[in-house]
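First comes the structure, then the notes that go with it.
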Amino acid sequence: MTVAAVLAAGLTIYALVAAVALPRLLGRASWTGRAPRLAIMVWQAACVSVVVSVLSAVFVLAVPAPVVGHGLAELFAQCAEVLAEGPGLTAATALVGVGVAGALVARLAWCAVAVLAGARAERRRHAEALTLLGRHDGALDAIVVDFDERLAYCVPGRQGKAVITTAALRDLSPDETAAVLAHERAHLRGRHHLVLAFGETFARAFPGMPLFERGRAELARLVELLADDLAARRHPRVLIASALVRLATGRAPAFTLGAGGESALARVRRLLAPAPPLGRGERVTGALAVGVLLAGPAVTGLAPGLASLLAHHCLEFLSF
Amino acid sequence: MVRGLGELESTIMDRMWSYRRPASVRDVLEDLRREREIAYTTVMTVMDKLHTKGLLRREAVGKAYIYRPVSSKEAYTADLMRESLARSGNQAATLVHFLERLTPEEADALEAALKVYPPKGRA
């Protein structure tokens with residue numbers, strides 16, 4: 001039991017430290033802008049890892065190692081009686097554990113459903129209004145809306161659409177328009193709204209947690225950088241940058257209030273003076289980090305069970 | 001040619017916006033019949049639906065209703081676009097804007113950044 005207690009404490013401490021330290025560590029890292037796709041995966045893995053480590057801590061405490069060992073042995077050897085012979089769950093700890101884990105998972109699931117369903121309903125409403133107000137331009141493959149503010153956006157979903165206003169079309173050169181629409185289609189094709197929904201779900205489920213709050217903002221930023229990079233495969237970076245500037249300037253007050261502009265300036269600078277992409281070594285390190293973040297807590301949680309399995313059931317396996 | 005109800009809604013709203021005066025189902029029907037075969041009940045159903053959706057308001061004149069748009073196309077568009085931009089700030093998964101809102105100072109900084117790299121010649 002002491003091993004389990006130590007592991008549970010370790011997992012809990014990791015969850016707490018990671019929730020506070022990881023956003024600082026990752027938020028300050030400059031490599032994220034050089035590899036937005038990898039950075040998105042690292043942020044998502046970090047969010048998942050904190051939740052899984054709490055679940056693992058509960059699991060380690062609530063389920064005695066021999067039960068896990070027997071459970072796995074049963075799985076491997078298909079031996080049903082083993083479980084009956086072994087020590088069962090202690091009712092009280094198991095109940096508390098299941099309660100905590102269940103509440104955590106239920107909260108996340110509830111928020112995920114609320115975020116996805118809410119966004120979907122809003123999008124459907126918006127798309128419906130667009131069928132009245134916009135017209136599909138076959139050459140651009142986008143919905144054009146008569147409006148005298150320069151706007152471009154996309155309505156994600158199964159039949160995602162890029163939308164652009166007549167004012168934007170008037171002020172952008174054809175090449176700039178193509179670059180903007182390529183950026184929007186990169187969002188649509190990459191299903192970036194699901195990445196945003198992921199960040200939204202964690203931030204909404206556990207408000208005030210630095211990792212999740214920062215994660216939501218970073219995911220939103222990184223998704224834009226990724227779409228810029230994907231658009232830049234076919235369009236000159238300088239055109240994306242100049243389109244950004246043209247769409248950003250000279251807006252009416254109702255469209256210029258609010259925050260979020262720093263990232264636009266950073267985007268322009270990044271488009272004009274791109275840093276070299278990450279080297280292979282750095283990418284491998286990043287991928288390993290994702291793996292450790294995802295698998296680490298779960299493996300730690302299962303460790304006593306695995307040890308028990310090896311200690312008590314190895315001979316059974318060998319005798320087969 | 002079979003068209004979706006959504007497209008008919010769109011066509012009828014465009015007509016209603018273009019009249020700039022109230023119109024009955026009969027008025028719209030005659031207008032549409034200049035371009036295609038269409039039944040009175042179809043137009044009536046769609047206009048009733050547009051009324052339910054809050055896009056048309058109507059008043060009874062004699063036995064029939066007279067319809068007019070609740071707001072101009074421009075006002076309706078402005079509402080939709082403003083709403084879409086506001087929503088992209090606080091509920092990001094709904095719509096993904098090319099660019100979030102900017103303050104004028106930030107916009108100036110953007111312009112300055114681009115001046116260093118003029119689009120011409122470098123593309």
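Keep in mind that the numbers below use all heavy atoms, side chains included, and drop hydrogens, waters and symmetry copies. Remember, predicted model here, so these are calculated numbers, not experimental data. Labels below follow one simple rule: chain letters A, B, ... track the order of the sequence lines, proteins then strands, and each chain is numbered from 1.
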Of all heavy-atom pairs linking A/Ala129 and B/Tyr76, the shortest is CB-OH, 3.9 Å
So does A/Arg124 have more than 12 non-hydrogen atoms from other groups sitting under 6.0 Å from CZ? no
Do B/Leu80 and A/Leu130 have side chains that get closer than 4.5 Å, going by heavy atoms? yes
Take a 6.0 Å sphere around CZ of A/Arg37 and say whether it holds more than 12 heavy atoms from other residues, nucleotides or ligands. no
Please report the interatomic distance CE(B/Met13) to OG1(A/Thr131), rounded to the nearest 0.5 Å. 11.0 Å
At what distance, to the nearest 0.5 angstrom, does CH2 of B/Trp17 lie from CG of A/Leu133? 4.5 Å
Go through the atoms of A/Ser173 and report whether side chain, backbone, both or neither lie under 4.5 Å from a heavy atom of chain B. neither
Note, B/Thr77 side chain near A/Val145 side chain (heavy atom, < 4.5 Å): yes
From B/Met81 CE over to A/Asp148 CG, what is the distance, rounded to the nearest 0.5 angstrom? 11.5 Å
Report which part of B/Ile12 has an atom under 4.5 Å of a heavy atom belonging to chain A: side chain, backbone, both, or neither. neither
